[in-house]
Amino acid sequence: MFFNKELIFQKKLKLFTLLFVQKPKTKQILLGLKKRGFGANRLNGFGGKIEDKETIRGATLREFIEESGLCPSNKDNDLIKRAVLYFEFLDQSETIFEVHVYSIFDFDDKIEVTEVLNGDNNLETEFEETDSSIVKNIEWIGKLEETEEMKPEWFSYDKVPFDSMWPDDKHWFPYLLGYPKEKQNKYFRGHFIFTDFDTIKSFKLEKISEENKHLLHSLVLPEEEI
């Protein structure tokens, strides 16, 4: 039932993206209050639909820029693919949402994101064995601000307001927030079946090893780079 390609391909697949900015040193995550459209009045990551002829990474960046006012200066190289999540809603039984989840890790220890960030390189010892490609301070272009679609806000890892979020988030956020300190949480996938927008009927989550990260490929765009 879960992750079954034959069953999934019997329905219409819609592609979406989600991006989270995480500060591992200060253990903070940037969320946004959705102001309109699907998921309105819920806190979530930044993302949306993938347009025709658009890559998944390209759509992820575009949505983040539009919804937050920020752009990482290194663009693609700062995005780390984390997961693919499938969502079925029984009241929309002909459609499955395929959601691609990315993180940007900013090791700058400031709480506020200003117009341009250039922090020091004094990284804590707990990240010594972390992949060096992500242990860096992100240089941001733009300014974090409320937009027509989202109202951004920083939250501590231990104070993520799950009551104001989608009900599935509390199940997979431990994986999202666990990396990079816990290497085994770098990649994961999930399949959630909802009876309605507030109730999960069943779900399955699993961690994905480096050797099996091909499982994070899109079923719609299988050639897309992870």
Side-chain angles (χ1 to χ4, degrees), residues 14-51 54-83 85 87 89 97-119 134 136-177 179 197-198:
K14 290 187 177 181
L15 293 178
F16 291 86
T17 68
L18 268 181
L19 174 62
F20 297 90
V21 179
Q22 296 174 235
K23 286 178 169 286
K25 286 181 69 177
T26 55
K27 294 182 172 56
Q28 292 179 307
I29 185 168
L30 183 64
L31 302 176
L33 180 66
K34 185 79 170 176
K35 295 167 62 177
R36 66 185 186 188
F38 186 74
N41 300 315
R42 294 183 192 262
L43 285 161
N44 204 347
F46 300 81
K49 295 179 182 178
I50 298 170
E51 306 293 345
E54 195 173 30
T55 65
I56 297 174
R57 282 178 171 267
T60 303
L61 275 171
R62 174 185 54 77
E63 288 282 354
F64 179 66
I65 294 167
E66 291 174 357
E67 294 182 346
S68 73
L70 285 175
C71 177
S73 63
N74 208 14
K75 296 186 177 179
D76 268 10
N77 291 334
D78 289 332
L79 269 66
I80 308 297
K81 182 70 171 284
R82 302 296 309 283
L85 303 174
F87 296 95
F89 297 91
F97 296 168
E98 181 185 271
V99 181
H100 294 264
V101 181
Y102 291 83
S103 292
I104 292 178
F105 295 101
D106 189 353
F107 279 77
D108 180 77
D109 58 7
K110 297 180 179 66
I111 293 177
E112 297 297 329
V113 176
T114 56
E115 188 162 349
V116 176
L117 289 183
N118 283 298
I134 73 162
K136 56 189 175 183
N137 301 328
I138 303 297
E139 182 175 308
W140 296 100
I141 299 170
K143 185 176 181 181
L144 183 67
E145 60 187 1
E146 183 174 347
T147 63
E148 292 182 359
E149 294 190 46
M150 299 283 271
K151 182 180 180 181
E153 185 175 351
W154 289 99
F155 292 91
S156 298
Y157 282 6
D158 60 355
K159 294 183 180 178
V160 173
F162 291 114
D163 289 345
S164 300
M165 301 169 70
W166 284 95
D168 57 279
D169 291 349
K170 63 184 178 184
H171 297 291
W172 56 268
F173 255 57
Y175 296 163
L176 182 77
L177 302 180
Y179 184 80
F197 290 153
D198 297 309

Is it the case that atom CG in D158 sees more than 12 heavy atoms from other parts of the structure closer than 6.0 Å? yes

Rounded to the nearest 0.5 Å, what separates atom [atom1] in [X] from atom [atom2] in [Y]?
{"X": "L70", "Y": "I138", "atom1": "CG", "atom2": "CD1", "answer": "11.5 Å"}
{"X": "D169", "Y": "L176", "atom1": "CG", "atom2": "CG", "answer": "9.0 Å"}
{"X": "L19", "Y": "Y102", "atom1": "CG", "atom2": "OH", "answer": "9.5 Å"}
{"X": "L61", "Y": "I56", "atom1": "CG", "atom2": "CD1", "answer": "12.5 Å"}
{"X": "Q28", "Y": "L177", "atom1": "CD", "atom2": "CG", "answer": "12.0 Å"}
{"X": "S68", "Y": "E63", "atom1": "OG", "atom2": "CD", "answer": "10.5 Å"}

All N/O donor-acceptor pairs, side-chain side in residues 29-45, below 3.5 Å, sequence neighbours left out:
from : atom 1 : to   : atom 2 : distance (Å)
K35  : NZ     : E146 : OE2    : 2.8
K35  : NZ     : T147 : O      : 2.8
R42  : NH1    : M165 : O      : 3.3
R42  : NH2    : F197 : O      : 3.3
R42  : NH2    : D198 : OD1    : 2.7

Derivation of the side-chain contact (heavy atoms from CB on, under 4.5 Å) call for W166 and F87: CA-CA 11 Å; W166 284 95; F87 296 95; over 6 Å; no

Main-chain N/O of [Y] paired to [X] side chain as donor or acceptor, under 3.5 Å:
{"X": "R82", "Y": "Y175", "result": "yes"}
{"X": "D78", "Y": "I104", "result": "no"}
{"X": "S103", "Y": "F105", "result": "no"}

On a heavy-atom basis, the closest approach of F155 and K159 is CD2-O, 3.9 Å

Exercise: identify the closest heavy-atom pair between T55 and I50: O-CG2, 4.2 Å

May I ask you to check whether F173 and F162 place their ring centers less than 6.0 Å from one another? yes

Taking only residues two or more places apart in sequence, or in another chain, which ones meet F46 in a ring pair (Phe, Tyr, Trp, His ring centres under 6.0 Å)? F64

Sub-4.5 Å side-chain heavy-atom contact between S73 and W140: no

Residue of the set L15, L85, T17 for which side chain to side chain contact (heavy atoms under 4.5 Å, CB included) holds with E98: L15

So K49 and K14, side-chain contact (heavy atoms from CB on, under 4.5 Å) or not? Walk me through it. CA-CA 8 Å; K49 295 179 182 178; K14 290 187 177 181; 5.9 Å; no

With sequence neighbours excluded, residues passing salt bridge (charged side-chain N to carboxylate O under 4.0 Å, His left out) with E145: none

Checking side-chain hydrogen bond (donor to acceptor under 3.5 Å, both in side chains) for the pair Y157/Q22: CA distance, chi angles, key distance, verdict? CA-CA 9 Å; Y157 282 6; Q22 296 174 235; 3.3 Å; yes

